[in-house]
Amino acid sequence: MVVAGACGLEWAALRPRVFLPSSFTRLRACMYDHAYVVVLWLSHQVIGLGRLNRIVTDATNHTKNAAAAAAAAMAGSGETPALFTEYNLGPHKLSHRIVLAPLTRNRAIGSIPNEAMVKYYSDRATEGGLLITEATIISTTAAGSPHVPGIYTKEQIEGWKPVTEAVHAKGGKIMCQIWHVGRASHTVYQPGGAPPISSTNKPVSTKWKAQMPDDSYEDYSVPRALETSEIAGVVEDFRKAAVNAIEAGFDGIEIHGAQGYIIEQFAKDTINDRTDEYGGSLENRLKFLIEVVTAIVSAIGPEKTALRISPIVDYLDAYDTQPVELGLAIIDKLNKIQKEVGSKLLYLHVIQPRFMASLMGTPSEDEDVGLLKLLRKAYEGTFMSSGGYKRDSAIADVAHGDTDLVSFGRLFLANPDLVKRLKLNLPVNRHRREYFYTHDPIIGYNDYPFWEEKEGGAAAPSQ
């Protein structure tokens, strides 16, 4: 175990308990006058001490230099903040760095995309802008809530085509986030009422609840651990979903490898209790993820493949005792895949620790204390960050070089013209949480006004 210290702090030994991911207050405790200390407990198989030292030193120097430049820009130098500047994303030229984050909205009645979804996505499309769809199920076993869209039947593929066409007609780009919830499901959503599938037989704890078809909430069902021989079938479901997404007109796919769903159920050590080749060591726990990534890259190409991860976030009981080691191991494997195929993935999308505070309605600007800076520095490709962003924090993180792209969730949900509002620093509509997971095609979905439609008095400052 080592501690990487910034701003003159010494290398020292610490107990690994310091960074239990279920406690973000411990992360915050390591802030010192806006510098950061990154605590790592790393095996030499993942990253060597010399490489770690270089990464932290480079990241610290880069952050200091970028912060000085950003301060000058934000003080009124007249320069356009980098958040609003062009970015070359693989084969795509983006006109700005603002991305629609994937947001489950439960409006796909019967799991078929519809006209309401065409309007929702086209309203948020901009020339040279990037959208990521809500999580989209890859098979009949993949759902864990009602009316989420799928991408595994011909009808679903055809349902998505008007969405992608509408976004492209406005000059935008759109990714399909492909998803399997694993154990975060209920028997009511499973074929024949069978148990949900997972890496484990352990259920999600009762502090989390599953949304039922009648919109009541119940405990998640006890899952069934996949047999070793069955895992290849789930990998194939991911691959087929990616191929189907391209047929539907998407510019690429984002693998949902975050927030406690099936990929994290294999990757995180407090969930995965397997004794076969997919359990035990970190190498084994990442085997399923890497098989999914490799299968999709082989099928549609790396330039159409992206991945979302949340190694530092505890959601649906998915936490890891060594989250930074986990994040760096994932990145190390992605870098190796990119070298092997001779091309980079489209992007890596990482959820910040402050995601949880934002989810609970208490966003904090200091939850990220440098851990993501380390992941960003280690990844050899485009880095997208998500989690509780506001206008100023997004401008600062892009200016500092902490991320290339920023995805916005609730702000984009409530403001179809968010790009314009952020650029001009206009007031924003407030989201209405009570309609997040309802099914009306208009209310709380397609009734948020554009700036030109505002009558005044109902908006809050975008800061």
Side-chain angles (χ1 to χ4, degrees), residues 98-140 142-179 189 211 213-215 241-254 256 407-420 429 431-454:
I98 299 164
V99 180
L100 171 66
L103 297 162
T104 295
R105 304 307 316 277
N106 303 93
R107 262 65 176 195
I109 307 304
S111 293
I112 308 297
N114 51 50
E115 285 300 315
M117 295 169 62
V118 175
K119 175 173 172 54
Y120 177 81
Y121 286 107
S122 63
D123 279 355
R124 287 156 181 79
T126 56
E127 180 74 34
L130 178 64
L131 309 181
I132 308 171
T133 70
E134 60 214 272
T136 302
I137 56 176
I138 63 170
S139 69
T140 57
S145 56
H147 303 306
V148 292
I151 191 70
Y152 58 91
T153 71
K154 188 64 176 177
E155 188 177 6
Q156 291 164 348
I157 294 170
E158 293 302 315
W160 277 117
K161 286 181 179 179
V163 175
T164 59
E165 290 166 1
V167 171
H168 291 152
K170 296 182 71 172
K173 305 297 179 182
I174 183 166
M175 302 286 285
C176 182
Q177 188 190 68
I178 57 176
W179 181 44
Y189 296 113
Q211 183 180 2
D214 64 359
D215 292 330
V243 172
N244 290 344
I246 301 305
E247 182 182 342
F250 286 100
D251 297 289
I253 63 91
E254 178 182 280
H256 197 337
S407 67
F408 291 85
R410 292 175 301 173
L411 269 178
F412 225 144
L413 176 160
N415 297 273
D417 55 350
L418 181 66
V419 175
K420 174 181 179 178
N429 303 317
H431 63 267
R432 290 171 285 165
R433 186 183 298 273
E434 65 271 24
Y435 298 116
F436 279 3
Y437 308 115
T438 55
H439 317 301
D440 192 285
I442 303 297
I443 299 173
Y445 189 61
N446 278 325
D447 61 349
Y448 287 104
F450 288 78
W451 174 250
E452 291 81 2
E453 300 170 355
K454 294 293 296 181

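FYI, side chains are in, hydrogens and waters are out, and symmetry mates aren't considered; it's all heavy atoms of this structure.
Taking CD1 of Ile98 as the start and CG of Leu130 as the end, the distance is 11.5 Å to the nearest 0.5 Å. For the atom pair Tyr120 OH and Ile442 CD1, the distance stands at 13.5 Å (nearest 0.5 Å). To the nearest 0.5 Å, atoms CD1 (Ile137) and CD1 (Ile178) are separated by 12.5 Å. For the atom pair NE2 (His431) and OH (Tyr448), the distance works out to 7.5 Å, reported to the nearest 0.5 Å. Taking CE of Met175 as the start and OG1 of Thr136 as the end, the distance is 12.0 Å to the nearest 0.5 Å. Here Thr164 contributes atom OG1 and Leu131 contributes atom CG; the two are 11.5 Å apart, rounded to the nearest 0.5 Å.
Between the side chains of Tyr189 and Gln211, not a single donor N or O lies within less than 3.5 Å of an accepting N or O. The closest side-chain donor-acceptor pair between Thr438 and Arg105, if any, does not fall under 3.5 angstrom.
Nearest heavy atoms, Ile253 versus Ala245: CG2-CB, 3.4 Å. Nearest heavy atoms, Met117 versus Ala108: SD-CB, 3.7 Å. Contact detail for Tyr445 and Asp440: the closest heavy-atom pair is CB-O, 3.9 Å. Thr104 and Ala135 make their closest contact through OG1-CB, 4.3 Å (heavy atoms, listed as atom of the first residue, atom of the second, distance). Here the closest heavy-atom approach between residue Ala248 and residue Ile151 is recorded as CB-CD1, 4.3 Å. Pairing each heavy atom of Thr133 with each of Pro102, the nearest pair is O-CB, 3.1 Å.
Pairs passing the salt bridge (charged side-chain N to carboxylate O under 4.0 Å, His left out) check and including a residue from residues 116-127, sequence neighbours excluded, read Lys119-Asp123. Applying the salt bridge (charged side-chain N to carboxylate O under 4.0 Å, His left out) test to residues at least two apart or on different chains, the pairs with a partner in residues 157-179 are Lys154-Glu158, Glu158-Lys161.
A perpendicular orientation is assigned to the rings of His147 and His439, their planes being inclined by more than 60° (bins at 30° and 60°). Between Phe250 and Trp160, the angle of the ring planes goes over 60°, which puts this pair in the perpendicular group of the 30/60° scheme.
Remark: Phe436 CZ is packed, more than 12 non-hydrogen atoms of other residues, nucleotides or ligands lying under 6.0 Å away.
Ser111 contributes no side-chain N or O that, together with a main-chain N or O of Ile109, makes up a donor-acceptor pair within less than 3.5 Å. Checking side-chain atoms of Asn244 against main-chain N and O of Thr153 turns up no donor-acceptor pair under 3.5 Å. With hydrogens and angles ignored, the 3.5 Å screen pairs a side-chain donor or acceptor of Asp417 with a backbone N or O of Trp451. Here the side chain of Asn415 pairs no donor or acceptor atom with the backbone of Phe412 at under 3.5 angstrom. Asn106 places no side-chain N or O within donor-acceptor distance of the main-chain N or O of Ser145, the cut-off being under 3.5 Å.
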Practice problem: Assess whether side chain to side chain contact (heavy atoms under 4.5 Å, CB included) is satisfied between Leu100 and Ile132, documenting all intermediate values. | Solution: CA-CA 6 Å; Leu100 171 66; Ile132 308 171; 5.8 Å; no
task: Could you check Tyr435 against Asp447 for side chain to side chain contact (heavy atoms under 4.5 Å, CB included), going step by step and ending with a plain yes or no?
output: CA-CA 11 Å; Tyr435 298 116; Asp447 61 349; over 6 Å; no
Applying side chain to side chain contact (heavy atoms under 4.5 Å, CB included) to Glu134 and Trp179, what does each step give before you reach the verdict?
CA-CA 9 Å; Glu134 60 214 272; Trp179 181 44; over 6 Å; no
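Side-chain atoms of His168 and Asp251, non-hydrogen and from C-beta on, do get closer than 4.5 Å to each other. When side chains are defined from C-beta on, Asp215 counts as touching Pro146, because their heavy atoms get closer than 4.5 Å.
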